[in-house]
Amino acid sequence: MHIVVCVKQVPDSSQIRVHPVTNTIMRQGVPAVVNPYDLVSLEEALRLKDRLGARVTVLSMGPKMAAESLKKCVALGADAAVLITDRVFAGSDTLATSYALSAAIRRIGQDEPVDMVFCGKQTIDGDTAQVGPGIARRLGLQQLTYVSRIETVDPAAREIVVHRRAEGGVQVLQTKLPCLVTMLEGANTLRFASMDDMFRAARYDVVEWDHKAAGITEVDRCGLKGSPTVVKKVFAPQPRAIKAEMLDATGKSASETVDALLSTLFAKHPNLEAEIRQ
Amino acid sequence: MSAEETNSAAAPRRAGGIDLGTWKGVWVNVELERGRVHPVSWELLGEGRKLADHLGVPLSGVVLGPDDAATGEACAEAFRHGADTVYVVRHPVLEHYRTDPYAKVFTELVERHKPEILLLGATTLGRDLAGAIATTLSTGLTADCTELRIDDETRSLAATRPTFGGTLLCTIHTLEYRPQMATVRPRVMAMPKRDEGHSGTIVTESVTLAEEDVVTKILSYIPDANADNAQLAYADVVVAGGRGLGKAENFRLVRELAAVLGGEYGGSRPVAQAGWVSGDRQIGQTGKTIRPKLYIAAGISGAIQHRVGVEGADVIIAINNDPKAPIFDFATYGVVGDALQILPALTEALRARLGHSAAAE
Ligand SMILES: Cc1cc2nc3c(=O)[nH]c(=O)nc-3n(C[C@H](O)[C@H](O)[C@H](O)COP(=O)(O)OP(=O)(O)OC[C@H]3O[C@@H](n4cnc5c(N)ncnc54)[C@H](O)[C@@H]3O)c2cc1C
Ligand SMILES: Nc1ncnc2c1ncn2[C@@H]1O[C@H](COP(=O)(O)O)[C@@H](O)[C@H]1O
């Protein structure tokens, strides 16, 4: 079994701040992390490695500094790491991203055929959940998104059974390898890196490919040129001018405050009481 | 579908190559799953109606399903929510959602009829399907839009969505490719008025499908034990608590108030992450979007990611002991005080008021 896990290095979005005057994003000092959803998928791949002896390759597209995130995945137990990094990839939307990643997966498969590809449910910066399905389409893989549990994988029969989250229930699906899986958050708990793997990662040289090495001939389908979507403007949300009608509870008992609130509420919104009763 | 076919289908279709003018009309996926239409479909028809009217083109719903009564009912309902036309494909293979047959049928319909705009719900089904068909059609897809407009200058769809963790918004266009695709989360758009008398044209489409060609099989379906988590997004009354409640035990006060009001309860992200409420009850940008008639938020500061999920509420009551809390900038009524005191008093007063006159009726 050979498994490829796609991981993206993303800015820790909880630490992004907007400049109060210029409305631009202040990226300085914002730490880069492995997209948290991708770690759920990596953990699942590593469990298959433990169970079935699979080989796990992690793959990322991004700037050279993304190699750090890949090394972290090696420290967690991935066997190999490939970074596709090239100026032609700059400005990729999801369509162009899935194009470049699929090409790289095809190239990785030349050395050892790929049986499963994992993607994260979504990224925390792009947040689209589109790249996974995009890769599945391009490589003709069976697409299994929002997987909450991998029930069985039978490499000999080339069969997999998973639980997939649907609205209001769970589908139990059986399909054939090769397939693409995106894992739901909470499906597992990430392991700690072992000493051995940490040492291995420290010495490990991430494989870096430019577009040619990744087997991409049509540069026009990469980066800004290969992206149908155009970001026209970025802006801060407009604060609504209206302020709440305030009731100050200080010095009053809670029941006095609540009585004042409810009489205002039901006087100003006469239909509300009937609606609540329904 | 083989990898070869997939790739040829994904050749870029730039404006030079395609005549944008031949792509006309607004399409909405009517998401039918296990006999039930996801209400986000009607919200999208409501929004699609505005876009179609602005462009002066028809609005169509697309219904895929087995040949049964529920499929017929979905078509009828689509008209009542504003569709002029419904394209329907009835086939036993479409009984359960699976990516391959759904994507194949949808892609074929799009290539046959060439809509300029295609909207889908950002549900597990809609996102799975949208990502697949946008790739095969090689066109732009904008996820989780919060506003859809037509840019008059280019006649293109201006799709606005949160970015960088919700601190900013961005507007995205697909200028040179068609269709222009977008997904929208449930409850982000208002539910249109249902018009019993509105009807339109049903176009029954035939496609070639065979179960033997579908690799993925459904072994079984496990319905959620507590299906009520689905109710939160559509509840008329929602009470939520945040970190200001102090500890998990205090969350009882939120549940009790919700119960008296016959509503649902939820929480901000930190309390969902701390396990005070289950993850599917998180409200906000990365949780549920709600549009209740009444929303009561206790001990919630009102961060932008929370705000975008609740702004559609008719009336917002905020309880917070900090008079400068940002939630007071968008609440209708603000109570400056201790939530641990106000919540039980509110529950008591409402129980007396609603309980009393309910008995009198
Ligand atoms: C990418 C991203 C996505 C996010 N998505 C979401 C989301 O979907 N939903 C969401 O909610 N958040 C989300 N957040 C988090 C958001 O930014 C805030 O951190 C969060 O909403 C704050 O939760 P809170 O209001 O419960 O806690 P705090 O911000 O800590 O606020 C607690 C409030 O309680 C008040 N308080 C304290 N004691 C009392 C008392 N006794 N009585 C009354 N009031 C009291 C305080 O004055 C304070 O205003 C997201 C953040 C990021 C970066
Ligand atoms: N630049 C990238 N490099 C590697 N994997 C990526 C990249 N972008 C997206 N992915 C994968 O695709 C998933 C979905 O991304 P998105 O469509 O941006 O939400 C991520 O969780 C990753 O597994």
Under 3.5 Å side-chain donor-acceptor pair for A:Ser148 and A:His163
no
For B:Val335, is it the side chain, the backbone, both or neither that has a heavy atom under 4.5 Å from a heavy atom of chain A?
both
Specify the closest pair of heavy atoms between A:Cys222 and A:Ile216, including all atoms of both residues, with the distance to one decimal.
SG-CG2, 3.8 Å
Is chain B contacted by the side chain of A:Glu167, its backbone, both, or neither, given a heavy-atom distance below 4.5 Å?
both
Ranking A:Lys268, A:Gln142, A:Lys176 by heavy-atom pairs under 4.5 Å to chain B gives rank one to A:Gln142
Counting only heavy atoms closer than 4.5 Å, note whether A:Phe266 contacts chain B via side chain, backbone, both or neither.
side chain
Residue selection (most heavy-atom pairs with chain B, distance under 4.5 Å) from A:Leu262, A:Val161, A:Leu144
A:Leu262
Can you tell which of B:Gly262, B:Ala318, B:Pro344, B:Gly140 has the highest number of heavy-atom pairs within less than 4.5 Å of chain A?
B:Gly140
Ranking B:Ile327, B:Val315, B:Leu141, B:Ile133 by heavy-atom pairs under 4.5 Å to chain A gives rank one to B:Leu141
With a 4.5 Å cut-off on heavy-atom pairs, point out which of B:Asp314, B:Ile317, B:Ile222 contacts chain A the most.
B:Ile222
Using a distance-only test with no angle check, is there a side-chain donor-acceptor pair under 3.5 angstrom linking B:Thr174 and B:Gln180?
no
Please flag which part of B:Asp144 lies under 4.5 Å from any non-hydrogen atom of chain A: side chain, backbone, both or neither.
side chain
Is A:Leu272 close to chain B through its backbone or its side chain, or both, or neither, when contacts mean heavy atoms under 4.5 Å?
side chain
Residue selection (most heavy-atom pairs with chain A, distance under 4.5 Å) from B:Ile218, B:Thr216, B:Asp338
B:Thr216
Let me know if A:Glu185 has heavy atoms under 4.5 Å from chain B in its side chain, its backbone, both or neither.
neither
Name the region of A:Thr145, side chain, backbone, both or neither, that has any atom closer than 4.5 Å to a heavy atom of chain B.
both
Between A:His269 and B:Tyr333, is the gap from one ring center to the other below 6.0 Å?
yes
Do the charged groups of B:Arg353 and A:Glu273 touch, with an N to O distance under 4.0 Å?
yes
Please determine whether a side-chain nitrogen of the Lys or Arg among A:Arg149 and A:Glu151 lies less than 4.0 Å from a carboxylate oxygen of the Asp or Glu.
yes
Can you tell me which portion of B:Glu33 sits under 4.5 Å from chain A's heavy atoms? Options are side chain, backbone, both or neither.
side chain
Do the charged groups of B:Arg98 and B:Asp128 touch, with an N to O distance under 4.0 Å?
no
Atom group of B:Leu169 that falls short of 4.5 Å from chain A, counting heavy atoms:
both
Would you check if there is a donor-acceptor pair between the side chains of B:Thr171 and B:Thr160 at a distance under 3.5 Å?
yes
Are a donor atom and an acceptor atom from the side chains of A:Glu245 and A:Thr264 found within less than 3.5 Å of each other?
no
Give, as side chain, backbone, both or neither, the part of B:Val215 having an atom under 4.5 angstrom from any heavy atom of chain A.
both
Interchain contact, B:Ala132 with chain A, by part (heavy-atom threshold 4.5 Å):
both
Do the non-hydrogen side-chain atoms of A:Arg106 and A:Leu139 ever get within less than 4.5 Å of each other?
yes
Salt-bridged, B:Asp236 to B:Lys293, with N to O below 4.0 Å?
yes
Quick check: does any side chain N or O of B:Arg269 sit under 3.5 Å from a backbone N or O of B:Thr286, one acting as donor and the other as acceptor?
no
What part of A:Leu261 is in contact with chain B, defined as an atom under 4.5 angstrom from a non-hydrogen atom: side chain, backbone, both or neither?
side chain
Interchain contact, A:Val10 with chain B, by part (heavy-atom threshold 4.5 Å):
neither
Is it true that B:Asp280 and A:Arg165 make a salt bridge, defined as a side-chain N closer than 4.0 Å to a carboxylate O?
no
Proximity breakdown for B:Ile319 and chain A, heavy-atom pairs closer than 4.5 Å
neither
Please identify, among B:Gln305, B:Glu348, B:Arg127, the residue contributing the most non-hydrogen atom pairs under 4.5 Å to chain A.
B:Arg127
Between A:Lys8 and A:Asp125, does any NZ, NE, NH1 or NH2 come within less than 4.0 Å of an OD or OE carboxylate oxygen?
yes
May I ask you to decide whether A:Asp115 forms a salt bridge with A:Arg158, counting only side-chain N to carboxylate O separations under 4.0 Å?
yes
Is B:Thr183 close to chain A through its backbone or its side chain, or both, or neither, when contacts mean heavy atoms under 4.5 Å?
neither
So which of B:Ser220, B:Ala130, B:Gly337 has the biggest tally of heavy-atom pairs under 4.5 Å with chain A?
B:Ser220
Side chain, backbone, both or neither: which part of B:Arg34 has an atom under 4.5 Å from a heavy atom of chain A?
neither
For B:Leu343, is it the side chain, the backbone, both, or neither that has a heavy atom closer than 4.5 Å to a heavy atom of chain A?
neither
